[in-house]
*Asks:* 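Have a look at this one.
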Amino acid sequence: SAVISQKPSRDICQRGTSLTIQCQVDSQVTMMFWYRQQPGQSLTLIATANQGSEATYESGFVIDKFPISRPNLTFSTLTVSNMSPEDSSIYLCSVRGQGAMETQYFGPGTRLLVL
Amino acid sequence: QQQVKQSPQSLIVQKGGISIINCAYENTAFDYFPWYQQFPGKGPALLIAIRPDVSEKKEGRFTISFNKSAKQFSLHIMDSQPGDSATYFCAVEYGNKLVFGAGTILRVKS
C-alpha cells in the first residue's frame, strides 16, 4: 500500500479565508481522491483528481469552492475557499492501489476548524 | 439517497466476545466491499475487503460474510480486544468510487 502524507495536519482559520491542503504519495498513482468527514460523520467524496485532466466533482461540491490541482502523479492539493464554520471538517486524500484487487488507501487527514 | 446502510450505530462488546457489524446495499452494480477501521485522529485504514464472487473471507480475527442475494455483508471480529475499539466503516465501490456507510463505534470492554 502507498504511504500518504498530508499538510497541514490541522489548522484553525477565520471565516472568509482560504486554506490549501497538500497530499503527497510515496509512489506514482493514477487516481487520487479527496473526501470530507464532518464531525462525527462518515466520509463523503468531494472529487476525483486525475493527473492531466480536470477534477471530477461529486454532486453538492463545486470547483469554485474546492479547487483541486494535480500537477503530477504523486501530489495533489485541495483548496477550501471562502471558508465558513460549516467547512469545519476533516479533509482526507486517498489513492487507489495499482493492482486489480486494490482499493483506496487514506492519508491521515487535515483537521480544519473555521471560526 | 443512502446507498449503503450500516448498523448498529454503536456497539459495546466484552473482551473476548464477537463483534458483528452489518451493512446492506441497494445497487447490484457495486463490485467491491471493503471495511475500514478508524481510530480517533487518524485516517481510515483498510481492514479487509471482499468481491461479490466470494461468500466469505477471513483474515486473522476478522471475517467478512457476503450474501449477494440479500445484498448484505457483515464484519465479524472474533475474540474482540480493547485495542479493537474504533469506528468501523463499511463501503461499497463502483467505478473507482467509494460510498461509505454511516459508521459503527465499537467499544470493547476489558
Side-chain angles (χ1 to χ4, degrees), chain A residues 1-10 21 23-25 29-50 53 55-61 78 89-113, chain B residues 1-10 21-25 27 30-54 57 59 62 64 66 73 75 86-107:
Chain A
S1 63
V3 176
I4 306 167
S5 60
Q6 287 185 232
K7 290 182 180 180
S9 60
R10 59 180 65 241
I21 302 168
C23 179
Q24 180 76 51
V25 189
V29 293
T30 303
M31 305 190 74
M32 295 181 76
F33 307 85
W34 286 98
Y35 288 81
R36 181 175 72 183
Q37 186 176 23
Q38 295 177 301
Q41 302 297 314
S42 186
L43 289 81
T44 301
L45 179 63
I46 296 172
T48 302
N50 293 331
S53 63
T56 304
Y57 289 82
E58 298 300 305
S59 176
F61 298 96
L78 169 76
S89 292
I90 301 171
Y91 292 86
L92 299 131
C93 72
S94 75
V95 302
R96 183 173 179 80
Q98 297 295 80
M101 295 294 290
E102 291 280 20
T103 185
Q104 293 182 29
Y105 299 93
F106 285 82
T110 295
R111 284 146 186 82
L112 171 62
L113 176 63
Chain B
Q1 181 183 1
Q2 189 176 5
Q3 298 192 63
V4 56
K5 296 181 180 180
Q6 184 173 343
S7 62
Q9 188 174 20
S10 63
I21 305 171
N22 301 298
C23 281
Y25 62 97
N27 190 337
F30 295 135
D31 56 10
Y32 198 59
F33 302 85
W35 284 90
Y36 286 84
Q37 179 188 56
Q38 186 177 31
F39 292 105
K42 304 292 186 182
L46 179 65
L47 189 62
I48 188 172
I50 198 169
R51 291 200 179 273
D53 54 349
V54 177
K57 183 176 182 180
E59 291 184 359
F62 302 94
I64 297 180
F66 185 80
F73 60 110
L75 175 70
T87 300
Y88 292 81
F89 293 98
C90 66
V92 294
E93 185 175 77
Y94 174 68
N96 296 313
K97 293 184 181 181
L98 280 175
V99 177
F100 284 83
T104 297
I105 300 172
L106 172 65
R107 179 183 162 208

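Protein chains get the first letters and strands the later ones, always in sequence-line order, with residue 1 at the start of each.
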*Asks:* If only atom types and distance count, is the side chain of A:S42 paired as donor or acceptor with the main-chain N or O of B:G103 below 3.5 Å?
*Replies:* no
*Asks:* With sequence neighbours left out, what residues match A:Y35 under ring-ring contact (aromatic ring centres under 6.0 Å, His included)?
*Replies:* A:F106, B:F100
*Asks:* Among A:M31, A:Q6, A:R111, which residue forms the greatest number of heavy-atom pairs with chain B at distances under 4.5 Å?
*Replies:* A:R111
*Asks:* Looking at residues at least two apart in the chain, or sitting in another chain, which of them share a side chain to side chain contact (heavy atoms under 4.5 Å, CB included) with B:K97?
*Replies:* A:L45, A:E58
*Asks:* How about residues 37-47 of chain B versus chain A: which residues have heavy atoms under 4.5 Å apart?
*Replies:* B:Q38, B:G41, B:K42, B:G43, B:P44, B:L46
*Asks:* Please identify each residue that fulfils side chain to side chain contact (heavy atoms under 4.5 Å, CB included) with A:V29, with sequence neighbours left out.
*Replies:* A:V25, A:S27, A:M32, A:R70, A:V95, A:Q98
*Asks:* Could you report the tightest heavy-atom contact between B:F89 and A:Q41, atom names first, then the distance?
*Replies:* CZ-O, 4.0 Å
*Asks:* Taking all atoms of both residues into account, what is the closest heavy-atom pair of A:Q104 and B:N96, and its distance?
*Replies:* NE2-O, 3.1 Å
*Asks:* Does a sphere of radius 6.0 Å around CZ in B:F62 hold more than 12 heavy atoms from other residues, nucleotides or ligands, not counting ones at 6.0 Å or beyond?
*Replies:* yes
*Asks:* Among A:G107, A:P108, A:G40, who wins on heavy-atom pairs under 4.5 Å with chain B?
*Replies:* A:P108
